[in-house]
Novice: 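What follows is a structure written as structure tokens; I'll ask about it next.
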Amino acid sequence: MIYIYNCYGGTHSSALAAAYHLNKLSSNSIPSKEEILNIDIFNKLKRSDMGRLIYHGEDEHGDKVYTLGRGGSKVLLPALNHLSVLFHDSFDMREPVIFSNTSPTVPLSMTFGGMFARGLKMNWIGVPLLIIGAKQTHQNIVNLVRYTKSQRDVSTLTSTILENEQFK
């Protein structure tokens, strides 16, 4: 199985999801400011990183976990989904792929924090808002990751896109 958590920039909610998935953050407690800022790519990616798959590690089942910043594209995920199906059908790829959208978990504070920190390079206001947002949405992201991981045992498709609107 290959998990690809995705969001607009790939550096906040998807980075948190990958960290929870790989048990780098505890699902049982709201992370501290230091824990959030110590996530390898949290608030560190640039616009030029959008569209790049970033590998984070293997989970307890040996499944690979990636993140992806998709920007405002509405065609990137369908294209990657079709590419995944092509690889399964034509090149004997065996691992199913799950694309899990983390954007529905993003609270307003995180949206503004990302805009200030990444868009306007104003970390002094953006980072505190990102920390507040990461703490606010802790349970939503934990639930999204649990749901995403549960699809491992029920999905029969070679490639699945989870929009995750239920986590708004």
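Bear in mind the structure is a predicted one, so any value in this text is a computation, not a measurement.
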Novice: Hey, are the side chains of Tyr3 and Asp59 touching, using non-hydrogen atoms and a 4.5 Å cut-off?
Specialist: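 Yes, at least one pair of side-chain atoms sits under 4.5 Å.
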
Novice: Heavy atoms, side chains only, cut-off 4.5 Å: are Leu37 and Ile131 in contact?
Specialist: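 A side-chain contact under 4.5 Å exists here.
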
Novice: If every non-hydrogen atom of Leu76 is compared with every non-hydrogen atom of Gly69, which pair is closest and at what distance?
Specialist: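 Residues Leu76 and Gly69, closest heavy atoms: CD2-O, 4.4 Å.
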
Novice: Please name all residues satisfying side-chain hydrogen bond (donor to acceptor under 3.5 Å, both in side chains) with Asp49, sequence neighbours left out, ordered by chain then number.
Specialist: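 Arg52.
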
Novice: Does Ile36 belong to the same Ile/Leu/Val/Met/Phe/Trp/Tyr cluster as Phe112, with side-chain heavy atoms less than 4.5 Å apart forming each link?
Specialist: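 Different clusters: Ile36 never reaches Phe112 through Ile, Leu, Val, Met, Phe, Trp or Tyr contacts under 4.5 Å.
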
Novice: Between Arg118 (side chain only) and Leu45 (backbone N and O only), is there a donor and an acceptor less than 3.5 Å apart?
Specialist: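 Flag set: sc Arg118 to bb Leu45 pair under 3.5 Å.
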
Novice: Under 3.5 Å, side chain of Asn38 to main-chain N/O of Glu34, donor-acceptor pair present?
Specialist: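 Pair found, side chain donor or acceptor close to backbone of Glu34.
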
Novice: In Å, rounded to the nearest 0.5 Å, how long is the span from CG of Leu130 to OG1 of Thr111?
Specialist: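 Output value for this atom pair is 9.5 Å.
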
Novice: Search all heavy atoms of Gly10 against all heavy atoms of Ile41 and return the closest pair with its distance.
Specialist: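 Looking at all heavy atoms of both residues, the shortest contact is O-CD1, 3.3 Å.
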
Novice: Would you say the side-chain atoms of Lys24 pair up with the backbone N or O of His56, donor to acceptor, closer than 3.5 Å?
Specialist: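 Yes: the side chain of Lys24 pairs with the backbone of His56.
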
Novice: Could you tell me the separation between the CZ atom of Arg70 and the OG atom of Ser103, rounded to the nearest 0.5 Å?
Specialist: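 That separation rounds to 4.0 Å.
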
Novice: Check whether any side-chain heavy atom of His61 sits under 4.5 Å from a side-chain heavy atom of Met1, and report yes or no.
Specialist: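 In short, these two side chains do not touch, never coming nearer than 4.5 Å.
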
Novice: Any salt bridge linking Lys149 with Glu60? Criterion: basic side-chain nitrogen under 4.0 Å from a carboxylate oxygen.
Specialist: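 Result for this pair is yes, salt bridge flagged.
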
Novice: Side-chain contact test, heavy atoms from C-beta onward, threshold under 4.5 Å: evaluate it for Tyr147 versus Phe167 and give yes or no.
Specialist: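 Tyr147 reaches Phe167 side chain to side chain.
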
Novice: Are any of the side-chain heavy atoms of His82 and Leu86 separated by less than 4.5 Å?
Specialist: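 Not touching, per the 4.5 Å side-chain cut-off.
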
Novice: Is there a path from Leu22 to Ile39 through hydrophobic residues (I, L, V, M, F, W, Y) whose side chains come within less than 4.5 Å of each other?
Specialist: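 Same hydrophobic cluster.
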
Novice: Has Asn123 got a side-chain atom pairing as donor or acceptor with Val127's backbone, closer than 3.5 angstrom?
Specialist: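 Checking the backbone N and O of Val127 against the side chain of Asn123, no donor-acceptor pair under 3.5 Å is found.
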
Novice: Partners of Arg47 by side-chain hydrogen bond (donor to acceptor under 3.5 Å, both in side chains), sequence neighbours excluded?
Specialist: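 With sequence neighbours excluded, Arg47 shows a side-chain hydrogen bond (donor to acceptor under 3.5 Å, both in side chains) to no residue whatsoever.
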
Novice: Does Ile2 offer a backbone N or O that forms a donor-acceptor pair with the side chain of Asp63 under 3.5 Å?
Specialist: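 Answer holds: no.
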
Novice: In the structure I gave you, are the side-chain heavy atoms of Met110 and Leu16 within less than 4.5 Å of one another anywhere?
Specialist: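 Of all side-chain heavy-atom pairs linking Leu16 with Met110, at least one is under 4.5 Å.
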
Novice: Give a yes or no on whether Lys168 atom NZ has more than 12 heavy-atom contacts from other residues, nucleotides or ligands under 6.0 Å away.
Specialist: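 Counting neighbours around NZ of Lys168, 12 or fewer heavy atoms of other residues, nucleotides or ligands fall under 6.0 Å, so no.
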
Novice: Grouping I, L, V, M, F, W and Y whenever their side-chain heavy atoms are under 4.5 Å apart, do Tyr20 and Leu144 come out in a common cluster?
Specialist: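 The answer is yes; both residues are in one hydrophobic cluster.
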
Novice: Please round to the nearest 0.5 Å and tell me the distance separating atom OG1 of Thr158 and atom CE of Met93.
Specialist: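 The CE atom of Met93 is 8.0 Å from OG1 of Thr158, to the nearest 0.5 Å.
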
Novice: Going hydrophobic residue to hydrophobic residue with side-chain gaps under 4.5 angstrom, can you get from Tyr5 over to Tyr55?
Specialist: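 Looking at the clustering, Tyr55 is in a separate group from Tyr5.
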
Novice: What pair of heavy atoms forms the shortest contact from Gly133 to Ser109, and how long is it?
Specialist: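 Taking Gly133 first and Ser109 second, the nearest heavy atoms are CA-OG, 3.1 Å.
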
Novice: Counting only N and O atoms by type, is there a donor-acceptor contact under 3.5 Å from the side chain of His138 to the main-chain atoms of Ala134?
Specialist: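 No.
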
Novice: Indicate the atoms forming the closest heavy-atom contact of Arg146 with Ser27, along with that distance.
Specialist: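 Here Arg146 and Ser27 meet closest at NH2-CB, 3.9 Å.
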
Novice: For the backbone of Lys44 and the side chain of Thr11, can you confirm whether one donor and one acceptor N or O come within less than 3.5 Å of each other?
Specialist: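 Yes; at least one donor-acceptor contact below 3.5 Å.
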
Novice: Working to the nearest 0.5 Å, report the span between CZ of Phe116 and CH2 of Trp124.
Specialist: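 Phe116 CZ to Trp124 CH2: 7.5 Å, rounded to 0.5 Å.
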
Novice: Find out if a path of hydrophobic residues (ILVMFWY) with successive side-chain heavy-atom gaps under 4.5 Å connects Ile98 to Leu68.
Specialist: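 They do not share one cluster, since no chain of ILVMFWY contacts under 4.5 Å joins Ile98 to Leu68.
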
Novice: So, does Ser32 use its side chain to make a donor-acceptor pair with the main chain of Glu35 at under 3.5 Å?
Specialist: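 Such a contact is found between Ser32 side chain and Glu35 backbone.
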
Novice: Do you know which two heavy atoms are closest between Gly113 and Leu129, and how far apart they sit?
Specialist: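 Minimum heavy-atom separation between Gly113 and Leu129: CA-CB, 3.6 Å.
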
Novice: Does the side chain of Thr160 reach to within under 4.5 Å of the side chain of Phe99, using non-hydrogen atoms?
Specialist: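 The answer is no; the side chains never approach within 4.5 Å.
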
Novice: To the closest 0.5 Å, what do you measure between CD1 (Ile141) and NE2 (His21)?
Specialist: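 Spacing of CD1 (Ile141) from NE2 (His21) equals 14.0 Å.
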
Novice: Roughly how far, to the nearest 0.5 Å, is NZ of Lys64 from CG of Leu53?
Specialist: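 These two atoms lie 13.5 Å from each other.
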
Novice: For Ser100, run the side-chain hydrogen bond (donor to acceptor under 3.5 Å, both in side chains) check against Asn6, Thr148, Thr67 and tell me which one passes.
Specialist: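 Of all the options given, the one that passes is Thr148.
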
Novice: Hey, does the side chain of Thr105 reach the backbone of Thr102 with a donor-acceptor pair shorter than 3.5 angstrom?
Specialist: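 Here the side-chain-to-backbone pair exists.
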
Novice: Please report the closest heavy-atom contact between Pro104 and Asn101, naming both atoms and the distance.
Specialist: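 Smallest heavy-atom distance, with atoms named: CD-O, 3.5 Å.
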
